[in-house]
Engineer: 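My questions all concern the structure below.
In what follows, every heavy atom counts, from backbone to side chain, and hydrogens, waters and symmetry copies are set aside. All chains are named by letter (A, B, ...) in the order of the sequence lines, taking the proteins before the strands, and each is independently numbered beginning at 1.
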Amino acid sequence: PGFGAGKTIVIGGSLPLTGAYAETGQWIEKGMLFWAAEINAKGGLLGRNVEFKIYDDQSDVSKAVTFAEKVITVDKVDLLFGGYPGTAARAVMPVAEKHKFVYVSMGGHMKSFEQGYTYSFGAPPLMGEWWYEGFFHWLATVPADKRPQRAAVYTINNPVGLSLTDSIERWTKKLNIQIVINEKYNAPLTDATAMIVKAKQSKCDILFANGFFPDGVTTMKAAKALDYNPKIIVQGVGSVVPAWVKELGKDGDYVFSGTSLSGQLKYPGNDKLNAYTKKTYNLNEYPLYFGFGYAWMQTLEQAVKGAKNLDQTKIRDWLKTNEVNTIAGPMTFDKRGLPEPINFGTQIINGKVELISPKRVQTKEPVYPKPAWKK
Amino acid sequence: MLEGKKITKRFGGLTALSDVDFEVRRSEIVGLIGPNGSGKTTLFNVISGIYAPDGGDLFFENQKITNLLPYKRARMGIGRTFQIVRPLTGLNLIENVATGVLYGRQKKIGSREARERALEILSFTGLSDRARKLPSELILEDRKRLEIARALALHPEILLLDEVFAGLNPTEISSAIELTFRIREKYGTTIFMIEHVMKAIMNTCSRIIVLNFGIKLTEGSPDEVANNPEVISAYLGAAYAKC
Amino acid sequence: MINKLYPAAMAILAVLLAAFPCIGPEVYYLSFLFSIFMYVILASSWNFIGGYAGYISFGHAAFFGIGAFATAKMATMLELPPLLTMLAAIPAGGIAALVALIVGYPCLKIRGPYFSVVTLCFAFVVDLAVKNIEFLGGAEGLWIKFMDIPEKTSRTIMYELMFLLMVITLAASWFLGRSRFGAGLTAIRSDEEVAETMAIPTAKLKIQAFVLSAFFPGVAGGLFAYYLGYIHTDAVFNINISILIVLMAMFGGGGTWLGPIIGAVILTVVNEGLSTFAQAEIARIIYGALFIVVTIFMPNGIIDFFRKKDGMT
Amino acid sequence: MLSVENITVCYGQMKALREVSLEVSTGQMVALIGANGSGKSTLINAISGLVPIAGGEITWEGQTLKGLTPDNICREGIIQVPEGRKLFPAMTVEENLIMGAYHPNVRKQAQESLQKVFSTFPRIADRRRQFAGSLSGGEQQMVALGRALMAKPRLLMLDEPSLGLSPKAAAEIFDIIRGLNKEGMTILLVSQEVMQTLAITTYGYVLENGVLALKDSCDRLLEDPKVKTSYLGL
Amino acid sequence: MDAVLIIQSLISGIMMGMVYALLGVGFSLTWGVMHVINISHGAFGLLGAYMAYSLLQYFGVDPIVSAAVSVPLLFLVACGIYQLLIRPITRAQNVVMASMILTFGLAIILENVMAIIWKADPRVLTPTYSSGALILGPFYFQYPHVVGFGLSLAGITAIYLFLKKTYTGMAVRAAWQQPEAARLYGVNLYWISMITFALAVSTAGAGGICLALLNSFEPHSHNLWLINLFLVVIVGGVGNVIGTALAGLIIGVITGLSMAFLPFLWVNLVTFGLLMIFLIFRPHGIFKQEGI
Ligand SMILES: Nc1ncnc2c1ncn2[C@@H]1O[C@H](COP(=O)(O)OP(=O)(O)OP(=O)(O)O)[C@@H](O)[C@H]1O
Ligand SMILES: Nc1ncnc2c1ncn2[C@@H]1O[C@H](COP(=O)(O)OP(=O)(O)OP(=O)(O)O)[C@@H](O)[C@H]1O
Ligand SMILES: [Mg+2]
Ligand SMILES: [Mg+2]
């Protein structure tokens, strides 16, 4: 409790701090805590200090639901924070709806925003459907005769993976790229040899590896070992986490992907976050999920300030009608609780995640085609 | 009542039983002897249904039982003991026997009644004072008695006894022989027994079947068998012939 | 004396638990007890096959998940009104039982650790199959419409239903432990071959126990689907659930009535409590240490430990 | 060379042996008889160190065996052929025998001993590559004996070596035991075949419910009325 | 279907299978010999992987070289753990169950200790050769696979020879089949159990290093490893070293072939389905006979 009991604003919820999603959960937690420290230093929210009540749901969806109910009904927190992964968010969104609590998170992908919930917001969301927009916009600028012609698409069979394929199918048609291989796989992917051999034999010159970090690593290793050199390798959400560059080094270079947040964006706040993560974690740029944690809190902060009190319905209504400004840029929300599609194309160049598209945010000219593996 | 025709059982390359014919008639006590590894226990396993024979047929009360599951045979009245005792570990003696009673051949009864019946059987086999002990706390002889008690719980028509006399000294053997006769008296059970203890075999059996290398060597009254030169050379040994 | 008091105490406890929502507790407490009931059901029904018959199934989450998906599918496909959907959990349990019947037939011929692994594989097969079948929502999962009644009322209904299911499961478990059926299963655990020669129809009993042990988790899965509102294969077919069920039952004492109850309650409460009071990793470490300490001091389960102290058999 | 003085052994509450004493001197073959459960195996196991003794003392060549574990006692040359043979079923006959010479003291002579065992028991020499579990009872007993010989016993304790054997096989085993004793082996023999046992041993002890009931030379034991009624069934 | 694809995916399937076999032998041994089902086996493997990771990261020591340090270190750790935790439960009525519960707890502890030390971020073991390949005609033998395969083969052979040819190894087998008789012939059960356990854990470490060359790992990865090695052990027959190796090959072939012939979506499903059917028809693993 801060000064004056009951004065503190408590924000509660659960994150996967241990188990399968521990890494991500912990980054989100760090982002949120950074926000709290910052706002408390500035005199708090509505003049009150903020404090977190974070439970570890052990990467278990049903625990996430129970803890959401706990913070709402027992801990009687003032605000709810968003969870991870998408499946947990999908399950918590109805709880938030029933208890009429604003729930700002990455959301559980497009489908969960189409269930008619009114209290859930993705701010910014992590939408598979949008993930490759930036990349494709750039690809469209490549002259047609220089574009890759044949695509191999390997997709992890989970909600994120499935939502990634939508835009691939739409865009490849538009850009006249033939999808030669289009396959899904169930995690865990322990060996990608057969995938790479198939892609190589089918002369695919663009590879979409729509997976997470472990699958991404496995496919990259196999691609290098089997000396498979497509013009483009696109990776799912795995390649924008800090571990990618850190662990794969040179081998992770030239991979395209997308992001909805980046420390290199010129929106206010990004420099500060970068400086903090540089100092604390020795990272050149704040990690994606650190940013998510921070941005969700930013959104909540502005909504509370806008509504001027902690009435959840007022906060929701404020969000529905006003613009918020976050490190991911300005956003206004539609009926579903989603902003306009946000996406930036990325490529890893010399061990750094560079923004390549749209032009206005470009930090580096993309390297195309991808240089052959050095043996 | 129990008849086997050309029973054959193979384990991989080894023929444990080959074309064995035998018959046990009601109220008889029949012995089964033979050198170690001659297939005696295997024959019991075939009769009780633990192994399916590779050839031949079994009949019980003139019904073919060759392909019946073991529990069906037990229901028909074939009870057995195991050479290497196999009590239901973790259950005390009453529970061991009561389980047998519950699934036995008498009309369905409640568990209380089953325990009473179990106690009766235990006292008949001389175990009543140890009724609440666990099998692991018993000495071998008592465990063998427990095997018999559990088989009796079924109220069998025929009882297959596999070396229940092993490890007993001559005096104890006498009391075990007496128990064998009492079982037949009280339960009217026919008995088919495997035994290496000649004293027991000679004194109880009306007929003895001799197996050697899975083949039936001979069959006859105890005297005939004991004086059969083939049996002496394969099984009894020269020393036995002398005395 | 103690034997007389025992059922009476149980009855009082049951009435108190049933009446608990009347004092108007917060929704969370209902949910928390709901999950305890659920694990008691899972562990106790696992106990039928795993505890009594000694067939350690490592795939019981499969039945739980089948129940959940069957209920959710029925609810969305038939567009049942929410309250009726809950009843759909019963046929869903039936489906789980049917699946158990089909896989039990070949699997129950295998004994010991091999059975455990076959059931483990079975759970993976079911999980992956559901992920691959669009009809069941595939990798996307399924949403269930929620009831148009106040949250507290709907949680109370679910609480009472799960409680009822638990009472039924425990009653079944109680009678099973004292019945001819239970005696037969215990004999099977001890020595199946001997059990056969005691006229116990082992194959039949095992199948019956397996089917029964799949039915209750199936129904519980149906209620759970409703509780969650959105179900995904990762949430219900999780291997950790299968393992947790086994551990709960054995931790308390397999093959007894009370053991799985104690195991389920202790582990659920401790886990929840630790998440509340300790830092995440430390909480997990303490939780892990609990298993170690209990096993070292009570290697045969908690029940066995106290039974020895009381000197009862 | 072995002397057991007033030892008591308990299994939980139950006293399996009460103040039992026994002596075996070099080159002797001593019989230990008694009813089922009278504690014969317990006594042998106590000497081997498998069960702890609650009171009394066992001395071996003047030194106490107190506190020694079975492997240390084995090093002293006190070797037991356990009841029920207890072979290593999934190891070959040869490996079973080699295991007999596990102890470092005798390991070096293992090959030599192996040849000797095979020449004593030619029947198992033919089966040296077969798994011990697939042998017949008589052969298993030979392997068990052979395994004990591999350990170069100075005192050989045999617990019911003829159990479950056909009369012929049992007689063979007794012949072998007598032969070993003739070669100078000190032997403590437990058996239910009271007549045969007392016929080949020189001195005998009789256990009854964990208490030593009688001890005498075998000739006299054979005449003893109590032995006659209780153990010979006469 | 063309031959290159089939053979290429067979090659990598088999090589992976062998790595799981190396992880599995130790698990199989403790189970067979001591009736201890070590749920934390995979976690120990992961510990080996993390140790190799740190040694590579901070001292630039190649994982194969550093195994010479980390494997013996794990051996010592395992001796301590045996002494403290495993030994007390060997007197339980049901050692199998008790050991499972205890080592489940141990696995949770190890996982979270690793999470504290090395953080939850995924790691990749990337020595210089990590994504190179030996090219023979149209076939690529990826170095991590080759190294893992070689190390596994060496490890399994060493364990086999140890069990078959050395006195200590024979004592391990003897102690497992007939503990009482083993004691009577001079085997110190306590020592043998400790050695078995420690040996098992150190092979897990070696296996973990091999696996880490192939896939990325995180503190919870051991769960996945455990499931795979569990399958290998069961298919091979508990306690059977040769069986475990063969099972590794078989599972490798199954995965390899299904990768080549089936849509990837069905690979895991078919693999588990086939294993289930295999076990139903051959419930005691590849060999009927007990052996090593
Ligand atoms: N399950 C089995 N698998 C393989 N071989 C077996 C099996 N059971 C028995 N045998 C073999 O069959 C033969 C006959 O064994 P069986 O147990 O019937 O002998 P037995 O006459 O009862 O001998 P004993 O008097 O020693 O008990 C033996 O060679 C034995 O090794
Ligand atoms: N491990 C044990 N735990 C408890 N009691 C035991 C144990 N082993 C033996 N006993 C008891 O100790 C007593 C002596 O048993 P022991 O095995 O020494 O007798 P024995 O003379 O060798 O009999 P047998 O002729 O059956 O071999 C018996 O009453 C037996 O029940
Ligand atoms: Mg036999
Ligand atoms: Mg004895």
Engineer: Please determine, among E:L275, E:V233, E:I116, E:L231, the option with the most heavy-atom pairs under 4.5 Å with chain C.
Structural biologist: E:I116
Engineer: Find the one option among C:V293, C:I286, C:L247, C:I243 whose heavy-atom pairs under 4.5 Å with chain E are most numerous.
Structural biologist: C:L247
Engineer: Name the member of C:V126, C:I110, C:N132, C:V125 that forms the most heavy-atom pairs with chain E at distances under 4.5 Å.
Structural biologist: C:N132
Engineer: Distance from C:R284 atom CZ to E:H220 atom NE2, nearest 0.5 Å?
Structural biologist: 12.5 Å
Engineer: In residues 96-111 of chain E, which residues are in contact with chain C at a heavy-atom separation under 4.5 Å?
Structural biologist: E:M97, E:A98, E:M100, E:I101, E:L102, E:F104, E:G105, E:L106, E:I108, E:I109
Engineer: Which bit of E:I86 is near chain C, if near means a heavy-atom gap under 4.5 Å: side chain, backbone, both or neither?
Structural biologist: neither
Engineer: Check whether C:Y105 gets within reach of chain E through its side chain, its backbone, both or neither, counting any heavy atom under 4.5 Å.
Structural biologist: neither
Engineer: For E:M276, which of C:V117, C:V118, C:L120 qualifies under side-chain contact (heavy atoms from CB on, under 4.5 Å)?
Structural biologist: C:V118
Engineer: Is any side-chain heavy atom of E:N223 less than 4.5 Å from a side-chain heavy atom of C:I239?
Structural biologist: no
Engineer: With a 4.5 angstrom heavy-atom cut-off, which part of E:L84 approaches chain C: side chain, backbone, both or neither?
Structural biologist: backbone
Engineer: Any idea which heavy atoms bring E:V113 and C:I285 closest together, and the distance?
Structural biologist: CG2-CD1, 3.8 Å
Engineer: Check each atom of C:Y287 against the heavy atoms of chain E and say whether the ones under 4.5 Å are side chain, backbone, both or neither.
Structural biologist: side chain
Engineer: Considering heavy atoms only, which positions within residues 38-48 of chain E lie below 4.5 Å of chain C?
Structural biologist: none
Engineer: Is any side-chain heavy atom of E:I234 closer than 4.5 Å to one of C:Y114?
Structural biologist: yes
Engineer: Non-hydrogen atoms of chain E under 4.5 Å away: do they reach the side chain of C:I56, the backbone, both or neither?
Structural biologist: side chain
Engineer: Among C:C121, C:S116, C:G112, C:G301, which residue forms the greatest number of heavy-atom pairs with chain E at distances under 4.5 Å?
Structural biologist: C:C121
Engineer: Output the option from E:L269, E:V95, E:I277, E:N94 having the highest count of non-hydrogen pairs under 4.5 Å with chain C.
Structural biologist: E:L269
Engineer: Mind ranking E:I37, E:V270, E:L85 by heavy-atom pairs under 4.5 Å with chain C and telling me who comes out on top?
Structural biologist: E:L85
Engineer: For each of E:F281, E:W31, E:F278, tally heavy-atom pairs with chain C at distances under 4.5 Å, and name the one with the top tally.
Structural biologist: E:W31
Engineer: Looking at CD1 of E:I89 and CE of C:M298, how far apart are the two atoms once the value is rounded to the nearest 0.5 Å?
Structural biologist: 15.0 Å
